[in-house]
Amino acid sequence: MKIPHSRIKSFLFTFALLINSAFVCFANDYTTKTDSTKTKTISFKIKLKSDNKVKIKPAPLKFNKHFAYSFTLDDGYRSAYLTAFPLLNGGKISNPDKNEWKIDQGGDGTTSKGLFYSDGFGNKIPFKLALAVNGGSVRDLPANRGHLSWPEIKEMYNAGWDILNHGFHHATKHGTNYLTEVTENTTSIKQNLDFTMSHFVVPGGEGDEKYYLEYEKEALNNGHFSVASYYGVGPVFNVDSKVNLDKMITARTFVQSSKDTTSFKTMDRYLKTIDSIVKQPNTVWFNEFTHGTGNTNLWNLSMRFPDFKYYMTTLANKYGAKGNDSIWMAPWQEVYEYIWLRDRIKVDYKQKNKEIEVTIELPEIPENFRHKDISLAIDTSSKFEIESNKDLKIKDDGKTTHKQILIQLK
């Protein structure tokens, strides 16, 4: 999806000034229906060290983080596996590598220890991105292919990266069958990777006027919860209160390298925008995109690997485990599903001296949801322990910072 560079620059330079008005908070007029007869209840006890009054509520974001940052790589280019994945997850980054298009989509050949944030329970979690994939472009040969293979996508998926629908052929021109593009890609991913995609990214290119509206319609009518398109809500969301995620259509902004290869000034401008967002008192979710992450600025719509490495490493050092640890670096689907569930659970608790009985009513969760964790924010000065049955998987920081509980649903 191509957005004019002038529009991107304008967004970057004005966004910090407009940030207070850019937050998008949706009304609570949900139209998504759930069957109340299929709800269920879970419960557990909190044992406090003191009998001070305690407050418990769903955390705005997972791990009770201050902001979520989602980053998506469009088109399924192999540079995602050669450079971005090992940089973030840890591993050997590819040496310079020219693909079938004579474009260098490799990296610097170094070994990365990974980029991390913490979960607040003493564990480091690698930064994770999403891939917007065209099933018709996925193949195993030639060896220097420009697109990912099925085993490569599967490895990244198993590491927690999410896979988004980008149309089967990335088709946009006159005569495109938009319904087929959406459904054939869903079928392709299901057949080869055994899961059903639930979010759609409109492919960019030459097409009939407002062709993207056809993609939006077909995606939302055929099982997708949200669509990233040319225009829409976002890309910054205030998530302190309920968010209307029903049939969400979001606007995409891109992070792209400039012609300047001698400095990181362009990346610093993007990072400055993030700084302005993070400084806001609200809990926020910010979403961005690019294409390739190899040594060459692929189609002039990508990030050169040195820029990508600088950008992600700076984010990790500022907001990750090595910095103030305020970031939840997670793909669009993961954040969406957390907020969806957060806004539909009902948390009730009763305190009697040093014991609290917590009851949570869960909605019917869509079958194709991948992420089903619930974070509870606790306001207490007391240390605590959790008492629950063996079927409920719960983590807590009751002996350290005593601020959160994580419930991992099956």
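Quantities reported herein were computed from a predicted structural model and do not represent experimental measurements. Only this structure's heavy atoms are used, side chains among them; waters, hydrogens and symmetry mates stay out.
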Audit row: Tyr69, Glu288, side chain to side chain donor-acceptor pair (under 3.5 Å) steps and yes/no: CA-CA 8 Å; Tyr69 185 52; Glu288 291 193 297; 2.6 Å; yes

Test the Lys124-Phe116 pair against the cation-pi criterion, namely NZ or CZ under 6.0 angstrom from the six-membered ring centroid and within 45° of the ring axis. yes

Are Asp74 and Arg252 close enough that some pair of their side-chain heavy atoms sits under 4.5 Å apart? yes

Using only heavy-atom distances, determine whether the side chains of Asn185 and His166 contain a donor-acceptor pair under 3.5 Å. no

Checking Tyr117, Phe237, Tyr319, Phe286 against Phe67 for ring-ring contact (aromatic ring centres under 6.0 Å, His included), the one that qualifies is Tyr319

Taking C-beta and beyond as the side chain, do Tyr270 and Thr266 meet within less than 4.5 Å on heavy atoms? yes

Between Ile374, Leu61, Val239, which is the residue that forms a side chain to side chain contact (heavy atoms under 4.5 Å, CB included) with Arg342? Val239

Would you call the rings of Tyr212 and Tyr230 parallel, tilted or perpendicular if under 30° counts as parallel and over 60° as perpendicular? tilted

Using the side chain to side chain donor-acceptor pair (under 3.5 Å) criterion, which residues pair with Asp104? Sequence neighbours excluded. Asn295

What's the separation between atom CG in Leu376 and atom CG in Leu406, rounded to the nearest 0.5 Å? 8.5 Å

CG of Leu164 to OG of Ser198: how many Å apart, nearest 0.5 Å? 8.0 Å

Are more than 12 heavy atoms, taken from residues, nucleotides or ligands other than Lys190, located less than 6.0 Å from that residue's NZ atom? yes

Test item: Phe369 and Trp340 side chains (from C-beta on) under 4.5 Å apart, heavy atoms: yes

If you measure from CD1 on Ile356 to CD1 on Ile56, what distance do you get to the nearest 0.5 Å? 4.5 Å

Any side-chain to backbone donor/acceptor pair from Ser388 onto Phe44? Under 3.5 Å, distance only. no

What I want to check is whether the side chains of Thr186 and Asn165 have a donor and an acceptor closer together than 3.5 Å. yes

Side-chain touch Asp325/Lys65, heavy atoms, less than 4.5 angstrom: yes

Is there a donor-acceptor contact under 3.5 Å from the side chain of Asn297 to the main chain of Leu301? yes

Take atom NZ in Lys47; do more than 12 heavy atoms of anything else shown fall under 6.0 Å from it? yes

Verify whether one side chain among Tyr338 and Trp285 offers a donor that lies under 3.5 Å from an acceptor in the other. no

Short side-chain to backbone donor-acceptor contact, Asn282 and Val284, under 3.5 Å: no

Would you say that Phe305 contacts Ser94 through its side chain, given a criterion of any heavy-atom pair below 4.5 Å between the two side chains? no

Is the backbone N or O of Val54 less than 3.5 Å from a side-chain atom of Gln351, with the two atoms forming a donor-acceptor pair by type? yes

Hey, mind stepping through Val335 and Trp328 against side chain to side chain contact (heavy atoms under 4.5 Å, CB included) and telling me if it holds? CA-CA 9 Å; Val335 179; Trp328 177 28; 3.9 Å; yes

Check the angle between the aromatic planes of Tyr211 and Tyr215 and answer parallel, tilted or perpendicular using the 30° and 60° thresholds. perpendicular

Between Gln333 and Met197, does a side chain to side chain contact (heavy atoms under 4.5 Å, CB included) hold up when you go through it step by step? CA-CA 9 Å; Gln333 179 180 343; Met197 296 179 294; over 6 Å; no

Are any of the side-chain heavy atoms of Thr111 and Lys92 separated by less than 4.5 Å? yes

Check whether any side-chain heavy atom of Val358 lies under 4.5 Å from a side-chain heavy atom of Ile405, and answer yes or no. no

Could you give the distance from CD1 (Ile103) to CG (Leu298), rounded to the nearest 0.5 Å? 5.0 Å

When you measure from the side chain of Glu355 to the backbone of Lys352, do you find a donor-acceptor pair of N or O atoms at a distance under 3.5 Å? no

Between Glu385 (side chain only) and Asp396 (backbone N and O only), is there a donor and an acceptor less than 3.5 Å apart? no

What are the two closest non-hydrogen atoms of Asn300 and Gln256, and how far apart are they? O-NE2, 3.9 Å

Check Leu129, Leu73, Val201 against Phe289 for a side chain to side chain contact (heavy atoms under 4.5 Å, CB included) and give me the one that passes. Val201

Verify side chain to side chain contact (heavy atoms under 4.5 Å, CB included) between Phe264 and Leu271, making sure each step is shown before the conclusion. CA-CA 10 Å; Phe264 296 115; Leu271 291 165; over 6 Å; no

Return yes if a side-chain donor-acceptor contact under 3.5 Å exists between Thr400 and Asp397, otherwise no. no

With distance as the sole criterion, is a donor-acceptor pair present between the side chains of His199 and Asp162 under 3.5 Å? no

Check ion pair Glu152-Arg78 (N to O, under 4.0 angstrom): yes

Around atom NZ of Lys57, are there more than 12 heavy atoms of other residues, nucleotides or ligands at under 6.0 Å? no

Under 3.5 Å donor-acceptor, Ser326 side chain and His66 backbone: no

Just checking, is any N or O donor in the side chain of Thr110 or Asp108 under 3.5 Å from an acceptor N or O on the other one? yes

Just to verify, which of Lys372, Lys128, Arg370 counts as forming a salt bridge (charged side-chain N to carboxylate O under 4.0 Å, His left out) with Glu334? Lys128

Set out, in order, the CA-CA distance, both residues' side-chain angles and the distance that settles side chain to side chain contact (heavy atoms under 4.5 Å, CB included) for Asp208 and Glu214, then state yes or no. CA-CA 10 Å; Asp208 295 336; Glu214 296 300 316; over 6 Å; no

Closest non-hydrogen atom pair, Lys383 against His402: CG-CD2, 4.0 Å

Shortest non-hydrogen pair, Ala171 vs Pro203, comes out as O-CG, 4.0 Å

Met312 side, atom CE; Leu88 side, atom CG - distance, nearest 0.5 Å: 6.0 Å

Plane angle bin for His291 and Tyr77 - parallel if under 30°, tilted between 30 and 60°, otherwise perpendicular: tilted

Determine, for Asp379 against Lys53, whether the closest basic-nitrogen to carboxylate-oxygen distance falls under 4.0 angstrom. no

Heavy-atom pair with the smallest gap, counting every atom of Thr380 and Ser382: OG1-N, 3.0 Å

Within the side chain of Asp307, is there an N or O that forms a donor-acceptor pair under 3.5 Å with the backbone of Ser257? no

Is the shortest heavy-atom distance from the side chain of Tyr157 to the side chain of Leu131 under 4.5 Å? no

Salt bridge or not between Lys265 and Asp260? Use side-chain N to carboxylate O under 4.0 Å. no

Straight-line distance of Asn287 CG to Trp332 CH2, nearest 0.5 Å: 5.0 Å

Keeping Thr250 on the side-chain end and Gly232 on the backbone end, is there a donor-acceptor pair under 3.5 Å? no

Verify the neighbour count for atom NZ of Lys154: are there more than 12 heavy atoms of other residues, nucleotides or ligands below 6.0 Å? yes

Short side-chain to backbone donor-acceptor contact, Asp240 and Thr283, under 3.5 Å: yes

